[in-house]
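As structure tokens, the structure follows; a few thoughts come after it.
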2 protein chains.
Amino acid sequence: MLDDTSSYKPMDHRSPMDNRTGHRIVPETARRADLLPDRRSGTRYGNRPTMKDVAARAGVGLKTVSRVVNGEPGVTADTERRVQEAIEALGFRRNDSARVLRKGRTASIGLVLEDLADPFYGPLSRAVEEVARAHGALLINGSSAEDPDREQELALALCARRVDGLVVIPAGDDHRYLEPEIKAGVATVFVDRPAGRIDADVVLSDNFGGARDGVAHLIAHGHRRIGFIGDMPRIHTAAERLRGYRTAMADAGIPVEDSWTSLGVTDPQRVSRAAEEMLSGPEPVTAVFAGNNRVTVTVVRVLAEHRRPVALVGFDDFELADLLQPGVTVVAQDAAQLGRTAAERLFRQLDGILVTPERIELPTRLIARGSGELPPAG
Amino acid sequence: MLDDTSSYKPMDHRSPMDNRTGHRIVPETARRADLLPDRRSGTRYGNRPTMKDVAARAGVGLKTVSRVVNGEPGVTADTERRVQEAIEALGFRRNDSARVLRKGRTASIGLVLEDLADPFYGPLSRAVEEVARAHGALLINGSSAEDPDREQELALALCARRVDGLVVIPAGDDHRYLEPEIKAGVATVFVDRPAGRIDADVVLSDNFGGARDGVAHLIAHGHRRIGFIGDMPRIHTAAERLRGYRTAMADAGIPVEDSWTSLGVTDPQRVSRAAEEMLSGPEPVTAVFAGNNRVTVTVVRVLAEHRRPVALVGFDDFELADLLQPGVTVVAQDAAQLGRTAAERLFRQLDGILVTPERIELPTRLIARGSGELPPAG
DNA sequence: TAGAGCCTGGACAACGTTGTCACGTCCGGG
DNA sequence: CCCGGACGTGACAACGTTGTCCAGGCTCTA
């Protein structure tokens, strides 16, 4: 993780626990760097002015500067002016690290999500940010890249930063590592997927119901041979959507053939192959239910090159779904609402209002645009 | 900004400078909260164990714990084991605030962007994050919502957190407020738009050249009456793209009529109206150049309901552009590459390698998909 | 066996801020 | 005229960590 060719020597974000197995070998370059006069000999990290400097320049006491900086009462207009002048002249900026150390609160919350580049998480993150901002807090977010280890690493790094609260979109299925943190007072809310082996607040979409309704929609339009392409059932949302698919089929008395479901594929190539397999053969499916927006888009691409019209319903809405030919029918979940709900619950925890962990499920909405209303062909 | 109905009492992120105009009125609720036993009476923010506690439990000295936690050499295996046990038993986690205070480096960088929910910035942010991670640093990002004041507030809040570096996507056009920070050693790189009234590193796309090529592409396909819909020229990228448009037209010897350009509109309704105006009248445009991805999408919607085919080239690529009918020809810029380049330059600054601010311009790429190759109609 | 050198571990100060408390001054009322 | 209180101000400790420095015990060699 460390780039040893670089002399930028950041702190080590690994948790103390990571040391369990023995001594860490300090890289040679880092050891050398330790000897270099990079500490506070003043070359690079130009000594910033402190309140002490401001106080000296303004000819007042340290605490008076603190009062001015924090807008506390009990400072005459004249003194305040002198202090302000000194602040501006020196370019002073309060050091929040010291402040946090003293106060015990950081006024920041952490968000661990899968991938900021995913159009589903952008709005979610933004919604959390807005709520945080409304409460005067800063949001720090990081991507787990769907890797449980990285999720843990990130969450614990945020805890080491002493964020007041944590919103986590789980990548892994065991979050006991957060128990000491929660016990220590870190407010925690899980979003999109439930927490693993730990009792905590969870905000979810109704993945099961949404998928069931989406598949039922296809059945209502005459389909019986319906394919399902989704993510690994290890991922809770994927499992729930699969369950919704199976339930809808069972409710309609339709036996599901193995060849109709494809699980665990996410990359476009394999999704394409899976879709093409379902669409060929002696008894091809006449409709496809896509388990998430990435799958949906790939399936759309496959269907675009397909002769026979095939019905499609996707989980997750996406931009431009209405402009495609035909428009793509989706089961939409409101990412921003998920984020907002989670963040608000987080702050209610911080207010000390909430005690019992709860599981909140937000409804989904079926949006018919054409692709889900195509009749069975062939 | 503060939600006074909430008892969550975060720190005040305003910069000290904001106090210039006088005392801040402390809200009554906040003052009351000061008296409540919420400080460190221990009810909520459960006293976390410190190294001292660990040391006591393990029966060793404080510094020995520090050594174990940081993987420093000079601790026997037996002592280390005892310390590790104590750490685990107490659920200790190093307090990075104290660490930062002591070390002077935070191993975190800040990113100020416009809106995380915008599909252009998600990948950019993610790219910056990955580079930061490779250098062992954490990324803190915030949205300015295109508001210069909010940009400043955010950037200064990040500086108060003592981020080691700052990547800024400017919303405003005056960044002199960052001068003291840069002087104090905060590495700074501006992305996507140049910094205002300050000499700093800038990473840009070739907005001018891209737009010129895009418009030239339309001209090459026989168009002469070409419309331009873009953002306020106050925004640098918008201005550059407009300049590219004008230059391409001038190069082809085509005089531009006022009614062909629409500036400063961003919301879908007004973009729609602007597009419809260009497309009606006695001498309608036969092609449109859209100044950014949001405009492009809206124009696509308008054109979809239009009788006559109208050619379209958009600045910025977007997902599914190839699946529309016809595929949308775009001038693509690589958001991730912008982020990567900026972040790498930032860390090179932190390494002390760079001295002279530079302006880096990344090329754009024209992707022909059909809409830009339509011949003039009417 | 004594002295030199290494290895392990701990005492202590410092980082920059804020909460506590105490000091001096000025005012009004007794 | 003096006392009580309000007000402006500053000295000081503490937050949790890390760098420095020193002490004591060990090994190794002469």
Side-chain angles (χ1 to χ4, degrees), chain A residues 9 11-12 16 23 34-42 45 47-56 58-80 82-83 90 92-106 160-162 184, chain B residues 9 11-12 16 23 34-35 37-42 45 47-56 58-80 82-83 90 92-107 160-162 184:
Chain A
K9 213 163 61 64
M11 299 193 320
D12 183 354
H23 270 182
D34 274 332
L35 306 175
L36 292 178
D38 75 348
R39 183 48 43 223
R40 42 195 63 261
S41 48
Y45 208 64
N47 292 344
R48 299 186 73 115
T50 71
M51 284 193 179
K52 205 163 138 187
D53 302 325
V54 174
V60 301
L62 184 55
K63 181 65 214 215
T64 301
V65 176
S66 173
R67 274 193 266 264
V68 171
V69 167
N70 293 296
E72 287 169 23
V75 181
T76 52
D78 182 59
T79 307
E80 174 171 1
R82 288 215 317 283
V83 172
L90 295 173
F92 167 81
R93 183 97 40 215
R94 179 177 64 197
N95 185 331
D96 273 357
S97 294
R99 177 163 225 246
V100 162
L101 177 59
R102 190 65 234 264
K103 300 195 77 130
R105 276 278 174 103
T106 56
R161 293 289 170 106
R162 294 292 187 269
Chain B
K9 213 163 61 63
M11 301 191 320
D12 183 355
H23 269 181
D34 274 334
L35 305 174
D38 76 347
R39 182 53 43 223
R40 43 194 61 260
S41 48
Y45 208 63
N47 292 344
R48 298 187 72 116
T50 71
M51 285 192 178
K52 206 164 138 188
D53 302 324
V54 174
V60 301
L62 185 56
K63 181 64 212 212
T64 301
V65 176
S66 173
R67 273 194 267 264
V68 171
V69 167
N70 294 296
E72 289 169 21
V75 182
T76 52
D78 182 58
T79 307
E80 173 171 1
R82 288 215 317 282
V83 172
L90 296 173
F92 167 81
R93 184 96 41 214
R94 180 177 62 197
N95 185 331
D96 273 357
S97 294
R99 178 164 224 247
V100 162
L101 176 58
R102 188 66 235 264
K103 299 195 75 132
R105 276 278 174 104
T106 57
R161 291 289 170 104
R162 294 293 186 269

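Computed from a predicted model, the values in this text were never measured in an experiment. Order of the sequence lines sets the chain letters (A, B, ...), proteins ahead of strands, with each chain counted from 1.
Considering only side-chain N and O atoms, A:Thr79 lies under 4.0 angstrom from the phosphate OP1 or OP2 of D:dT9. The phosphate of C:dG9 (OP1 or OP2) has a side-chain N or O of B:Thr76 nearer than 4.0 angstrom. Note on B:Ser66: every side-chain N or O is 4.0 Å or more away from OP1 and OP2 of D:dT17. Under 4.0 angstrom from either OP1 or OP2 of D:dT18 there lies at least one side-chain N or O belonging to B:Asn70. A close approach under 4.0 Å does not occur between any side-chain nitrogen or oxygen of B:Arg102 and OP1 or OP2 of C:dA14. Distances shown here put a side-chain N or O of B:Thr64 below 4.0 Å from the OP1 or OP2 atom of C:dG10. Of the side-chain N and O atoms in B:Lys63, none sit less than 4.0 angstrom from OP1 or OP2 of C:dC12. In this structure, A:Lys103 reaches the C:dG19 phosphate: one of its side-chain N or O atoms is under 4.0 Å from OP1 or OP2.
As a whole-Å value, the separation of A:Leu62 CG from C:dC15 C1' is 13 Å. As rounded to whole Å, 14 Å separates atom P of D:dC15 from atom CG of B:Leu101. Put simply, CD on B:Glu72 is 6 Å from P on D:dG19, counting in whole angstrom units. Computed from coordinates, the B:Asp78 CG to D:dC26 C1' distance equals 16 Å when rounded to whole Å. Going from atom CG of A:Asp96 over to atom C1' of D:dC15 covers 15 Å, rounded to whole Å. Atom NZ in A:Lys52 sits roughly 10 Å away from atom C1' in C:dA14 (whole-Å rounding). Taking atom CZ on A:Arg105 and atom P on C:dG19, their separation rounds to 14 Å, with Å as the unit.
Where B:Gly59 and B:Ala98 meet DNA chain C, the nucleotide closest to each residue was compared, and B:Gly59 sits on the side nearer the 5' end.
Two residues are said to be in side-chain contact when any heavy atoms from C-beta on lie closer than 4.5 Å; A:Asn95 and A:Thr50 fail this criterion. At least one side-chain heavy atom of A:Arg99 sits less than 4.5 Å from a side-chain heavy atom of A:Asn70. With a 4.5 Å cut-off on side-chain heavy atoms, A:Arg67 and A:Glu80 do not count as touching.
Checked by atom type and distance alone, the side chain of A:Arg82 pairs as donor or acceptor with a backbone atom of A:Ala58 at under 3.5 Å.
Nearest nucleotide to the side chain of B:Met51, out of D:dT18, C:dT18, C:dG16: D:dT18.
Contact annotation: side chain of A:Arg67 to base of C:dG19, donor-acceptor pair absent below 3.5 Å.
For the side chain to side chain contact (heavy atoms under 4.5 Å, CB included) with B:Met51, the qualifying choice from B:Leu62, B:Val68, B:Val83 is B:Leu62, the only one to do so.
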